[in-house]
Amino acid sequence: MAGNSDRMLYVGTEDGLYLAEPDGREYKSRPLALQGKGALRSPVLIDRDHPRRLYAATSRGGMQRSEDCGQSWREINNGILYKETWCVVQHPTTSELCVGTGPSSVFKSADGGDSWTDCERLRDLPETIDWTFPRPPHVSHVKGLALRPDDPMVILGAIEEGWIVRSQDGGKSWQNIKEGVEFDAHSVAVMMDNPAVVIATSGQGVYKSNNGGDSFVESSQGLDCRYMAQLVCHPARPKILFSAAAAVPPPFWRRAEGAASAFFRSEDQGESWRRLSGGLPDHFKAAPRATAGDPEEADAFFVGMTDGTIWLSDDGGESFRQIIGGLPSVFSIRVAYQ
């Protein structure tokens, strides 16, 4: 097990990337890069073949790549039509990259981001006429992507707002999956112990598929907050899931009681959920935008909040403590080791 003193956090905020490093029981953070490029809504991606290479999806500057652990960056948007990038993932065996954008599109790269191929048939789906987003100009985006480790041809996407999309031929053709799943999709995840199990988070709770995404059923038992962040699933303990949620959607976070957020843990891969309270305030006005796990420590969970705080549990969610404050609104967290 790696020591906590070697752990660092790449924190994506509403204005660029920050680096946080341990300082006793808390962490010290500093701006690292990409200020002025907009929000980093997806965790910085560490290349599986080149650990000093990072990828960042920014809301204003499109895809960015660093070859020196985030010290310097350059734009890599050759073939990407839209610089409003929302998410980036990498296949664990082929190393192929996939990026989701707004307007809702997916782009793939087989050369580390030097060039991108447009999966243009996604925009031809008849259901796109229904896709939308609450804020003007009401244009949807691909908020989350997931890849099947056992089948590089399968790509799953969460459309905010437009249900779940899936390609089974590497992005050449697509289907919009609506059966049993919420219209306002936030993230999608393939379970590591059984790729036929797909779990989606949404603005109305959690939805689970046991048939590879053909259909879903609601899986929100125990969730008394339903505006969900992403899932955290550790490969060493694939039945245990962690997430966080606000009680109300963003337009209501400005109310006096705020988002009224909570953190949750599931021990049966999303069939039921338990609210966590150890070390947390009785009332959370801020909303959770980022959740993360630690690749080296299965019991470590992180949550980043709209008020610029980050909370950590080292014991599987039984107790939390604030480790960072004063950041811009936190949108993503990636745990790494020096």
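Throughout, numbering of the chain's residues begins at 1 and tracks the sequence. No experiment lies behind these values; they were computed from the predicted model shown. Worth knowing before you read on, the calculation uses all heavy atoms, side chains too, and leaves out hydrogens, waters and symmetry mates.
At a cut-off of 3.5 Å, with distance as the only test, a side-chain donor of D49 or S95 sits close to an acceptor on the other residue. T201 and S187 are linked by a side-chain donor-acceptor pair at a separation below 3.5 angstrom, with hydrogens and angles left out of the test. Looking only at atom types and distance, the side chain of Y337 has a donor-acceptor partner in the side chain of D294 under 3.5 Å away. Side-chain N/O atoms of S105 and R123 include a donor and acceptor closer than 3.5 Å. No side-chain donor-acceptor contact under 3.5 Å links Q168 and D151. Between Q175 and R166, the side chains place a donor N or O and an acceptor N or O closer than 3.5 Å (distance only, hydrogens not considered). Using a 3.5 Å distance cut-off with no hydrogens or angles, the side chains of D124 and W174 do not pair a donor with an acceptor.
Salt-bridge annotation for D47 and R65: absent, with no side-chain N of the basic residue lying under 4.0 Å from a carboxylate O of the acidic one. Look at K108 and E96 and you find a salt bridge, because one of the NZ, NE, NH1 or NH2 atoms lies within 4.0 Å of a carboxylate O, short of that distance. Ion pair R53/D68 not flagged as a salt bridge, since none of the NZ, NE, NH1 or NH2 atoms sits closer than 4.0 Å to an Asp/Glu carboxylate oxygen.
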* To do: Would you check, one step at a time, whether the test side-chain hydrogen bond (donor to acceptor under 3.5 Å, both in side chains) holds for S167 with D169?
  => CA-CA 6 Å; S167 174; D169 54 11; 2.9 Å; yes

Checklist entry - Could you walk me through whether I177 and D214 pass the side-chain contact (heavy atoms from CB on, under 4.5 Å) check? => result CA-CA 7 Å; I177 298 166; D214 289 341; 5.8 Å; no

Apply side-chain hydrogen bond (donor to acceptor under 3.5 Å, both in side chains) to the pair D268 and S266, showing each step before the final yes or no.
CA-CA 6 Å; D268 50 16; S266 172; 2.9 Å; yes

Q) Passes side-chain hydrogen bond (donor to acceptor under 3.5 Å, both in side chains), S104 versus S140? Steps please. A) CA-CA 6 Å; S104 291; S140 70; 2.7 Å; yes

| request: Starting from the C-alpha separation in whole Å, work towards a yes-or-no answer on salt bridge (charged side-chain N to carboxylate O under 4.0 Å, His left out) for E218 and R226. | output: CA-CA 11 Å; E218 188 171 357; R226 298 290 183 94; 2.9 Å; yes

Practice task
Go through the steps for Q269 and N194 under the test side-chain hydrogen bond (donor to acceptor under 3.5 Å, both in side chains), then give the verdict.
Solution key: CA-CA 11 Å; Q269 211 161 61; N194 182 1; over 6 Å; no

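Taking the side chain as every heavy atom from C-beta outward, S329 and T13 never approach each other to under 4.5 Å. Taking the side chain as every heavy atom from C-beta outward, F302 and V232 never approach each other to under 4.5 Å. L40 has its side chain out of reach of E14: every pair of non-hydrogen atoms, C-beta onward, lies at least 4.5 Å apart. S332 is not listed as a side-chain neighbour of V11, based on a closest heavy-atom distance of 4.5 Å or more. For the pair T58 and L34, the minimum side-chain heavy-atom distance is below 4.5 Å. Residues R334 and I46 have side chains in contact (heavy-atom distance under 4.5 Å, counting atoms from C-beta outward). Between M305 and V330 the shortest side-chain heavy-atom distance does not fall below 4.5 Å. Contact check for V106 versus V99: no side-chain heavy atoms found under the 4.5 Å cut-off.
For K37, the NZ atom counts as loosely surrounded, since its 6.0 Å shell holds 12 or fewer non-hydrogen atoms of other residues, nucleotides or ligands. Taking a 6.0 Å sphere around CZ of F183, one finds it holds more than 12 heavy atoms contributed by other residues, nucleotides or ligands.
With hydrophobic clusters built from ILVMFWY side chains whose heavy atoms lie under 4.5 angstrom apart, I199 does not share a cluster with I164. Both F107 and Y55 are members of a single hydrophobic cluster when ILVMFWY side chains are connected at heavy-atom separations under 4.5 Å. L327 is connected to I323 through a chain of hydrophobic side-chain contacts under 4.5 Å among Ile, Leu, Val, Met, Phe, Trp and Tyr, so both are in one cluster. Note on V139: it does not cluster hydrophobically with I159, by side-chain heavy-atom contacts below 4.5 Å among ILVMFWY residues. The cluster map of Ile, Leu, Val, Met, Phe, Trp and Tyr, joined by side-chain heavy atoms under 4.5 Å apart, puts L54 and L45 in different clusters.
Without hydrogens or angle criteria, E75 side chain to G62 main chain gives no donor-acceptor distance under 3.5 Å. Between the side chain of Y10 and the backbone N or O of C69 there is at least one donor-acceptor pair closer than 3.5 Å. In this structure, R265 contributes its side chain and G316 its backbone to a donor-acceptor pair below 3.5 Å. Judged purely by atom type and a 3.5 angstrom limit, Q35 uses its side chain to pair as donor or acceptor with the backbone of L17. Judged by distance alone, with hydrogens and angles left aside, the side-chain atoms of S215 form no donor-acceptor pair with the main-chain N or O of E179 at under 3.5 Å. A donor-acceptor pair under 3.5 Å is formed between the side chain of S66 and the backbone N or O of S72. Panel note: side chain T128, backbone L125; a donor-acceptor pair is recorded below 3.5 Å. A distance-only check finds no donor-acceptor pair linking the side chain of S219 to the backbone of K208 [under 3.5 Å]. Looking only at distances, a side-chain donor or acceptor of N176 sits under 3.5 Å from a matching main-chain atom of G162.
The two residues F216 and A200 come nearest to each other via the heavy atoms CE2-CB, 4.2 Å. Residues D150 and P195 approach most closely at OD1-CB, 3.4 Å, considering heavy atoms. Contact record, W116 with N77: CD1-C, 4.3 Å, taken as the closest heavy-atom pair. Counting all heavy atoms, side chain and backbone alike, P288 lies closest to S261 at CD-OG, 3.1 Å. For the residue pair H234 and A298, the shortest heavy atom distance occurs at CD2-CA, 3.5 Å. Heavy-atom minimum distance, S59 versus R41: CB-NH1, 3.2 Å.
Here the CG-CD1 distance, from L9 to I324, works out to 5.5 Å after rounding to the nearest 0.5 Å. If you take CG on L156 and CZ on R148, they are separated by 8.5 Å, rounding to the nearest 0.5 Å. Rounding to the nearest 0.5 angstrom, the gap separating the CE atom in M228 from the SG atom in C225 is 9.0 Å. The CD atom of E161 sits 11.0 Å away from the NE2 atom of H138 when rounded to the nearest 0.5 Å. Taking CG of L223 as the start and CD of Q204 as the end, the distance is 11.5 Å to the nearest 0.5 Å. Taking CG of L145 as the reference point, atom OG of S42 lies at 8.5 Å (rounded to 0.5 Å).
Classified by interplanar angle (parallel below 30°, tilted 30° to 60°, perpendicular above 60°), the ring pair H141/W86 is parallel.
Under the 6.0 Å cut-off for aromatic ring centres, F263 and F320 qualify, their centroids lying closer than that.
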Review item, side-chain donor-acceptor pairs of residues 20-33, under 3.5 Å, at least two apart:
{"from": "E21", "atom 1": "OE2", "to": "Q338", "atom 2": "NE2", "distance (Å)": "2.8"}
{"from": "Y27", "atom 1": "OH", "to": "R7", "atom 2": "NH1", "distance (Å)": "3.1"}

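For W253, the ring pair (Phe, Tyr, Trp, His ring centres under 6.0 Å) partners at least two apart in sequence or on another chain are Y227.
Applying the side chain to side chain donor-acceptor pair (under 3.5 Å) test to every pair with at least one member in residues 305-322, sequence neighbours left out, gives these pairs: R274-E318, D307-T309, T309-W311, S313-D315, D314-R321, D315-S319.
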